[in-house]
Structures are given as C-alpha cells and as structure tokens.
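Quick note: numbers below take in every heavy atom, side chains included, and nothing from hydrogens, waters or symmetry partners.
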Protein chains: 2
Amino acid sequence: MSTLNTEATSVANGSLPRQRRTYSIGELARMFEVTPRTIRFYEQEGLLAPERRGQTRIYHEKDRVRLKLTLRGKRLGFSLAEIREVIEMYDAMPDGNARQLKRLLEILADKRTNMERQLEDIRLMQRELDDVEVRAREVLARLDQD
Amino acid sequence: MSTLNTEATSVANGSLPRQRRTYSIGELARMFEVTPRTIRFYEQEGLLAPERRGQTRIYHEKDRVRLKLTLRGKRLGFSLAEIREVIEMYDAMPDGNARQLKRLLEILADKRTNMERQLEDIRLMQRELDDVEVRAREVLARLDQD
DNA sequence: CAACCACTTTACGTTAACGTCAACGTCGTC
DNA sequence: GACGACGTTGACGTTAACGTAAAGTGGTTG
C-alpha cells in the first residue's frame, strides 16, 4: 500500500486480483513498444526499482503500472525528472511530514493548471486543423472539377 | 492569403483589421517569454521568415501568429520539424498538386488522432492526480488530528 | 558441447533545442 | 564622443533521453 495504486479500479469493480504475474524486461518492452534500454534508463533515473533475481531484473504489476504512468507523462510533455518527483513524493506519503505533503499538493496543483492549459491548447489546435483541412479540401475539389 | 490565417476569427466577428504593426525581435521575445536566440533558431529551422530592413529582422502579424502556433505546438509535444512540415504544406497549398494535398490531409488526420490520445491521457492523468491528492489530504488530516 | 537466446554492465555516440560568449554594427542621448 | 540598449553573425557548449556497440553471464535445445 506504500506505492502507486495498481488496484484503483479492481477495488471498485469485481475483477480478479490480477494474477501475480511477473515480467522480464523484454516482455515489458514489447508491451509498451519501447526498448529494454529505455526501461533500464528509467530505472537509472529512479523511476523504476524492479526486483533482482541474481543479475536479472524481475518486474511486477507495480512496476508495469509505473512504467505506464511514466510513458503517459512523457506523452504529455513531462520530463522524467518531473515524473520522478511525483512518484517519489507519492512513495514517501504514508509517513510524510506536513511540509512534504503540502509541497506535494503544490506540485499537484501545478500539474493541474498545466493540464488545463493543455486542454485549451488542444482545443485551439483542433480548430486550426479543422481550418486547414477545410481549405485543403476546397483546393482539392477545385482541382477535381477542372 | 498564401500564409497561415491570422484573421480566421476577425472575419467571423467584427474586430478591427488589427493594426499593421511590426515587432522587433526583442518585443516578440518578451511577448512570448522566449529569448531572441530562440526566435532566430526557429527562423533557421524554417518556421519563421521575417522581413529584413538591412540586417535587422522585422516581424509582422503573420510572423507573430506563426510563432504563437509554433509555441503551442511545442507545448503539445510536437517537434519543430513536425511543425515546420505542416506550415510548409499550408503555405504550398494554394497551388498544391493533388498528391501534396492528400499528403497534407494524411498528416492532419495523424495529428488529430494524436490529439485524441492526448485528451484521453489528460483525463487519465487528472484522475491520478485526484487520487493522489485525496490520499495526501487524508494523511495530512490524520497528522493535524494528533 | 556448441550454438543460441535473452539478459547484464560499461561506455561512448547522437539528436533536438536551445544557451552562452565573442566580436561587431547602429542608434539615441548625456 | 563615450556609453548603453538593442541588433547582428558565428561558433562552441549543454542537457535530456535515449541509441549503439562491446564484452560477458546463464539457461536450453539440437
């Protein structure tokens, strides 16, 4: 319970406790269409902390979720450092002091305004795309006509 | 009419024809909170093509709009190369051949699905943030209570 | 047992998007 | 006419996020 919540939904719905599977680095890499190198790099950057059986890494559900969140964060333009910051604070939460927690709330508020702007940006960008497409189709229609 | 449409809205509403102002590189930089270096770099990358009076660059409304679109694109995670691609095709539109236009439509569709996924990512991310915040507030409350 | 996988570490290479610094020209003004 | 603010080009530096190549380890399969 001290890490990112894999079961957020499976608590609400009645799904199985999700088989206690593990994954190799290669499996995980194929699942998310990244290279093993990328996954190792994320570990080095403090975003993942898989188990070790001897030399080789063993990933659990928790790690898979973290990777998923990381990649989602990246698609939204967050740096790995930003993502790590949130993950670290989240992990430190249960025994966190008040100052740390307030800092976390600040960061969250920050991300939230960021998301809001992104939503606005997307809306505006979609309009631009609409506009460009309409014009392109007009020109095309004229070409077809002649 | 052969460039990005500054007046997309001012045609629809009744706003003034927007003073035919010009801007220095420094003005533009302050407006958008970037450095002049950045603006020169964008020009070098083919995203801007300001007028020249002797050595010095002179930016018009058209350039300001392009810069705005470029920065918006960046916030959405597009590379400068991608942004340039769209701008170039847009500029080439009026006398574009059918193949070019179809290619443009493809790119647009591509960006569109990208936007859709971003929207979904944002929704999911917002839920995560909500979840984290709730937990953080719970822990805080427990601390205040004791 | 050899030949293949899949995995590991170490280390150097690469790309995008600028930052920074030097060296210079051009105003306005004190 | 020196000074400061702003502009220019050119070149090298920097950071993030991996890619890539070398060299080794550990299982299993023909």
Side-chain angles (χ1 to χ4, degrees), chain A residues 21-60 63-64 66-88 107 111 114 118 121, chain B residues 21-60 63-64 66-88 107 111 114 118 121:
Chain A
R21 272 207 61 182
T22 68
Y23 309 89
S24 75
I25 196 171
E27 285 174 309
L28 225 50
R30 274 183 306 253
M31 290 183 60
F32 292 101
E33 302 190 292
V34 298
T35 69
R37 171 68 173 114
T38 298
I39 297 181
R40 291 196 196 98
F41 181 72
Y42 288 174
E43 176 178 352
Q44 173 183 329
E45 294 298 299
L47 294 166
L48 298 173
E51 198 199 321
R52 293 276 182 147
R53 177 138 24 237
Q55 283 264 79
T56 86
R57 298 166 171 83
I58 298 191
Y59 299 87
H60 298 237
D63 302 303
R64 195 187 56 95
R66 274 205 195 180
L67 179 53
K68 190 175 62 179
L69 292 179
T70 298
L71 294 174
R72 182 183 300 150
K74 276 212 55 191
R75 287 196 300 270
L76 295 179
F78 293 128
S79 72
L80 297 183
E82 289 177 301
I83 297 170
R84 180 187 48 202
E85 193 178 18
V86 172
I87 288 185
E88 276 178 358
I107 295 182
K111 305 285 178 200
N114 197 313
Q118 289 231 43
D121 279 340
Chain B
R21 273 207 61 181
T22 69
Y23 309 89
S24 75
I25 195 170
E27 284 174 309
L28 224 51
R30 273 182 309 253
M31 291 183 61
F32 291 101
E33 301 189 294
V34 298
T35 68
R37 171 67 173 114
T38 298
I39 297 181
R40 290 196 197 96
F41 181 72
Y42 288 173
E43 176 177 351
Q44 174 183 328
E45 294 298 298
L47 294 167
L48 299 173
E51 198 198 323
R52 294 275 184 149
R53 176 137 26 235
Q55 282 265 79
T56 85
R57 297 164 170 85
I58 298 189
Y59 299 86
H60 298 237
D63 301 304
R64 194 186 56 95
R66 275 205 195 180
L67 179 53
K68 190 174 63 179
L69 292 179
T70 297
L71 294 174
R72 181 181 299 151
K74 275 212 57 189
R75 287 196 301 269
L76 294 179
F78 294 129
S79 71
L80 297 184
E82 290 177 300
I83 298 171
R84 180 188 47 204
E85 193 178 18
V86 172
I87 288 184
E88 277 178 356
I107 295 183
K111 305 286 178 199
N114 197 313
Q118 289 229 43
D121 280 339

When rounded to the nearest 0.5 angstrom, what is the spacing between [atom1] in [X] and [atom2] in [Y]?
| X | Y | atom1 | atom2 | result |
| --- | --- | --- | --- | --- |
| A:Ile83 | A:Arg66 | CD1 | CZ | 12.0 Å |
| A:Asp63 | A:Arg57 | CG | CZ | 11.5 Å |
| A:Ile87 | A:Glu82 | CD1 | CD | 12.5 Å |
| A:Ile107 | A:Asn114 | CD1 | CG | 12.5 Å |
| A:Glu85 | A:Leu80 | CD | CG | 13.0 Å |
| A:Leu47 | A:Leu67 | CG | CG | 9.5 Å |

The criterion is side-chain hydrogen bond (donor to acceptor under 3.5 Å, both in side chains); which residues satisfy it with [X], sequence neighbours excluded?
| X | result |
| --- | --- |
| A:Arg52 | A:Glu43 |
| B:Asp121 | A:Arg75 |
| A:Glu45 | none |

Next item on the list: Tell me what B:Arg52 touches on the nucleic acid: a base, only sugar-phosphate, or nothing, going by heavy atoms under 4.0 Å.
Entry: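 If one applies the 4.0 Å heavy-atom cut-off, B:Arg52 turns out to touch the sugar-phosphate alone, with no base involved.
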Item checked: Length of the line joining A:Leu67:CG and D:dC18:P, which is rounded to integer Å -> 11 Å
Next item on the list: Could you check how far CZ of A:Arg37 sits from P of D:dA22, rounded to whole Å?
Entry: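 Whole-Å distance recorded here is 16 Å.
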Next item on the list: Using chain B heavy atoms and a threshold of under 4.0 Å, write down where along DNA chain C the contacts begin and end, 5' to 3'.
Entry: C:dA17 to C:dT20
Item checked: Atom of A:Ile58, atom of A:Thr22 and distance for their closest heavy-atom approach ->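 Looking at all heavy atoms of both residues, the shortest contact is CG2-CB, 3.7 Å.
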Check: Looking at residues at least two apart in the chain, or sitting in another chain, which of them share a side-chain contact (heavy atoms from CB on, under 4.5 Å) with A:Ala49?
Finding: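 Testing A:Ala49 for side-chain contact (heavy atoms from CB on, under 4.5 Å), a comparison that skips the adjacent residues, returns none.
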Next item on the list: Examine D:dG19: is either OP1 or OP2 under 4.0 Å from a nitrogen or oxygen in the side chain of A:Thr38? Give yes or no.
Entry: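 Checking D:dG19 against A:Thr38, a side-chain N or O does come within under 4.0 Å of OP1 or OP2.
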For residues 26-39 of chain A, run the donor-acceptor check on the side chains, cut-off 3.5 Å, and write out each pair with its distance to 0.1 Å, sequence neighbours left out.
residue	atom	partner	partner atom	Å
A:Glu27	OE1	A:Ser24	N	2.7
A:Glu27	OE2	A:Arg21	NH2	3.1
A:Thr35	OG1	A:Arg37	N	3.4
A:Thr35	OG1	A:Thr38	N	3.2
A:Thr35	OG1	A:Thr38	OG1	3.1

Next item on the list: Apply salt bridge (Lys or Arg N to Asp or Glu O under 4.0 Å) to A:Glu88 and list each qualifying residue two or more places apart in sequence or on a separate chain.
Entry: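 In terms of salt bridge (Lys or Arg N to Asp or Glu O under 4.0 Å), with neighbours along the sequence ignored, A:Glu88 is linked to no residue.
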Next item on the list: Please list, chain by chain and in numerical order, all residues satisfying salt bridge (Lys or Arg N to Asp or Glu O under 4.0 Å) with B:Lys74, sequence neighbours excluded.
Entry: none
Next item on the list: Taking only heavy atoms on the protein side, list every residue of residues 40-48 of chain B lying under 4.0 Å from any atom of DNA chain C, sorted numerically.
Entry: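 Per residue number, the list reads B:Phe41, B:Tyr42.
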Notebook entry, point to check: Contacts to DNA chain D from residues 25-33 of chain B, heavy-atom cutoff under 4.0 Å, which residues?
Noted result: B:Ile25, B:Gly26
Next item on the list: Can you sort out which residues in residues 71-82 of chain B have a heavy atom within less than 4.0 Å of DNA chain D? Ascending by number, please.
Entry: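 Here the set is empty: none.
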Might you list the N or O atoms of the protein lying below 3.5 Å from N or O atoms in nucleotides 25-28 of chain D, with each pair's distance?
none

Next item on the list: Answer whether the closest heavy-atom distance between the side chains of B:Phe78 and B:Lys111 falls below 4.5 Å.
Entry: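 Contact flag for B:Phe78/B:Lys111 side chains = yes.
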